[in-house]
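For reference, the structure discussed in these notes is given below.
Just so we're on the same page: letters track the sequence lines, and every chain starts at 1. Side chains included, hydrogens not; waters and symmetry mates left out as well; all remaining heavy atoms used.
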Amino acid sequence: MDAIYWPSFFFLLFGGLACAFAVAVLLSSNIVRMAFYLVLSLAATAGLMFLAGAEFVGAMQLMIYVGGTLVLLIFGVMLTSQERFVEMHTWAGDWVKGFLAGGALLFVLIYAAFSIPAWRGIERATVEAIPAQKSVTPIAMGLLGARTDAPDRSGYLLPFEIVSVHLLVVLVGAAYLARAKRSRESKIV
Amino acid sequence: MINLPANPMLFANLLTEPVGVAHYVTVGAVLFVCGALCMATKRNALGVLMGIELVLNGANLNFIAFGSPYLRSDAHNLGLDGQLMALFVIVLAAAEAAVALAIALNFYNNHDSIDVDRAAQLRG
Amino acid sequence: MAPFLLELELFGIRLCPWTWLAYTLAGLVHIALILNLVAVGALIFIWLERKISGRIQDRLGPTRVGGKFGWLQTLADGIKLLTKEDLMPEQADGFLFKIAPYVSFCASIGAFIAIPFAGGAYPWISQHLNAGVFFVLAVLGLEVFGVILAGYSSASKWSLFGAMREAAQVVSYEVPLGMCIVVPVLIAGSLDLVVIGDRQAGWFTNWLIFHDPFTFITFWVYFTCAIASVNRAPFDLAEAESELVAGFHTEYSGLRWSFFFMAEYGSMLSVSMLAAILFLGGWHGPIPVADLLGLQPENGFALGYLGQLLGATNVILKGTIGVCVMMWVRWTLPRLRIDQVMTTCLKYCTPIAAVMFLGATVWLFNWPGKNFFGLLDVPAAVYEISDGASGGEQIPSVVTPADRVAFEASTETKNKRENL
């Protein structure tokens, strides 16, 4: 028997939280609560990323994903705060079909994941021997097209440029779509 | 069936041995399935959007897991490529959310509701 | 140790190397220190705010409680808040209403995880993150969540309006704030707060605020945006009492209400400390007292510890001064209108920050390795702090002129080779 291995403990903690809150998002019917659970789930996932040694991506996850969800939350409040729209129920049949399909998919995915021996983790002594690696500078260099970690792999300068132009286009497009075209006539539905 | 490691006490084994890619992929799978079900069952457009976020997040977690040196031996490791891919996914998810929210806002302007079941007509 | 302790097992996990206990204790000590800083800090800051506002308005402020200067006033207030009835509106969403203040408070405390109090080879920091600045910025942005949840769940129009204003304001001000933070990151060549702080070792001439004219302006833009992002006057639209009763915390009372205030003072301290580390030398005082007296870890543990203590005092003192300036601003300037708040952000702060960023880039390219408006050289010791990349390869965090010559030479030869 061995002593406790802390990263595994924190994996169980964060992984459990991420899964539990994801299920809570699914089962909740109040949009603001859903957003709140989603934030907690995403934050727990950021914890998992920190645990896997991806500090920069974890911080980015906290900043962008969680920040993006913040905006979702605001929209949720704005667009559904009237009493009659707060809860939109799903029909029971949909739930049954959904859970059958989802459960089958989940079973297949987990079975597949654990059926590959190389994916089950490496020896404790080996893991503890891996030196801590700083990943921020290599990521930055990778985005600029010069890989310092693996010189034989290609850099990401072109995707980086494309993504930045894409973001600009999306911003302009979203602003165009969402602009106030006409004053809303209140229709009784 | 699944060949579990020799130790019968699975829980204790999880606590004393390092986790592997498979464990991360499991969490990713749960997030993915929850997101997919959200997209399928929610009638609120924002709920569908949250489902999409969960799905992307599960995929992201897989990228991180396959790129992490702590979870898998270095021979077939994605290395930093995993993290870089995850960064792009996050950025694209943000862009997608912006457009989707703009559409939701427009939809609300036209229908006074964001129930996606009402989006059954082509005329706005 | 008694032999039976060596063989203790729990669910098949050996307890014997009591490292788990040590880790737990170390974690608890960190949490306790940070909690104390925020909670005791809030006690002092609230008293300070009363005194400062009193003096600014030509009155005395609290004088009675606790003898001189009324220094126990906040404690008396705290006891009053503890004993007040905890009210919740009937229409409120109970779960979210109850949890909202704690969300704010946790985010406010969470930022301190990655803020160093002293640097050097053995930094005083709860979790030394490679992407520290980014993490702090991300966590600080989460504080607004609690406010929005509070505004929504209170089932009150005033609360909802306050929360919406705060959301719009914080999301907008994160853009110029991030741009301002990028400038010191650019100069230090690292996202690591410890590296950024130690880049400014030595006399005050090495502080990044004096690095070039652009960083000097950037600091003031950063401070403005920081005030806005922690919702202090003149940007406290979320709790504008002249229009919104009390904004997002209209329906709160007692302990939950005080949690919002602790969160506010905590994040004021954290943005001020971040400003101190990014621009004002961090744990290095204006005069390098620790270096002159030899208070360094090389000279033994006790001296090194004293030096670090001096550094931590420095950082906290600078943070406190920043908080005092925020108070001074609050009691001097009138509150802006919401459109003026957005104009300040989008039409002034963001463009200025963008231009300063460009200017600092050009400056750094033209005069690398210079400090104090290009008049002094960067001390040689700074070059030794480099952000080591993985695989044993060293990437210099500060590009020296020699590096540039070497780089240009290598690209030239490469170009020649390609031409051939």
For a quick test of reading the model, state the closest non-hydrogen atom pair linking [X] to [Y] and the distance between them.
X	Y	value
Ala95(B)	Val170(A)	O-CG1, 3.4 Å
Ala102(B)	Leu177(A)	CB-CB, 3.7 Å
Lys42(B)	Ser28(A)	NZ-O, 2.5 Å
Ala52(A)	Ser68(B)	O-OG, 2.8 Å
Pro18(B)	Ser8(A)	CA-OG, 3.5 Å

Who among [options] has the most heavy-atom pairs with chain A under 4.5 Å?
options	value
Asn60(B), Leu84(B), Thr26(B)	Leu84(B)
Val30(B), Leu37(B), Ile64(B)	Leu37(B)
Asp81(B), Leu56(B), Leu61(B)	Asp81(B)
Gly35(B), Cys34(B), Gly28(B)	Cys34(B)

Checklist line | Interface residues of residues 19-26 of chain A facing chain B - non-hydrogen atoms under 4.5 Å apart | finding: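 Only Cys19(A), Ala22(A), Val23(A), Val25(A), Leu26(A) of residues 19-26 of chain A have a heavy atom under 4.5 Å from chain B.
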
Notebook entry, point to check: Who among Phe9(A), Phe160(A), Tyr156(A) has the most heavy-atom pairs with chain B under 4.5 Å?
Noted result: Tyr156(A)

Contacting region of [X] [heavy-atom separation from chain A under 4.5 Å]:
X	result
Met39(B)	neither
Val25(B)	side chain
Ala97(B)	neither
Val33(B)	side chain
Ala98(B)	both
Tyr70(B)	both

Check: Roughly how far, to the nearest 0.5 Å, is the CG atom of Leu87(B) from the CE atom of Met60(A)?
Finding: 5.0 Å

Check: Is the side chain of Tyr24(B) donor-acceptor paired with the backbone N or O of Leu48(A) at a distance under 3.5 Å, no angle test?
Finding: yes

Notebook entry, point to check: Can you tell if the side chain of His166(A) reaches within under 4.5 Å of the side chain of Val91(B), non-hydrogen atoms only?
Noted result: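 His166(A) vs Val91(B): side chains apart.
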
Checklist line | Worked verdict on Leu46(B) versus Met34(A) for side-chain contact (heavy atoms from CB on, under 4.5 Å) | finding: CA-CA 10 Å; Leu46(B) 296 175; Met34(A) 274 172 64; over 6 Å; no

Next item on the list: Could you label the plane-to-plane angle of the Phe11(A) and His23(B) rings as parallel, tilted or perpendicular, counting under 30° as parallel and over 60° as perpendicular?
Entry: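 Taking His23(B) first and then Phe11(A), their aromatic rings stand perpendicular (interplane angle over 60°).
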
Structural part of [X] lying under 4.5 Å from a heavy atom of chain B:
X	answer
Leu167(A)	side chain
Leu51(A)	both
Leu42(A)	both

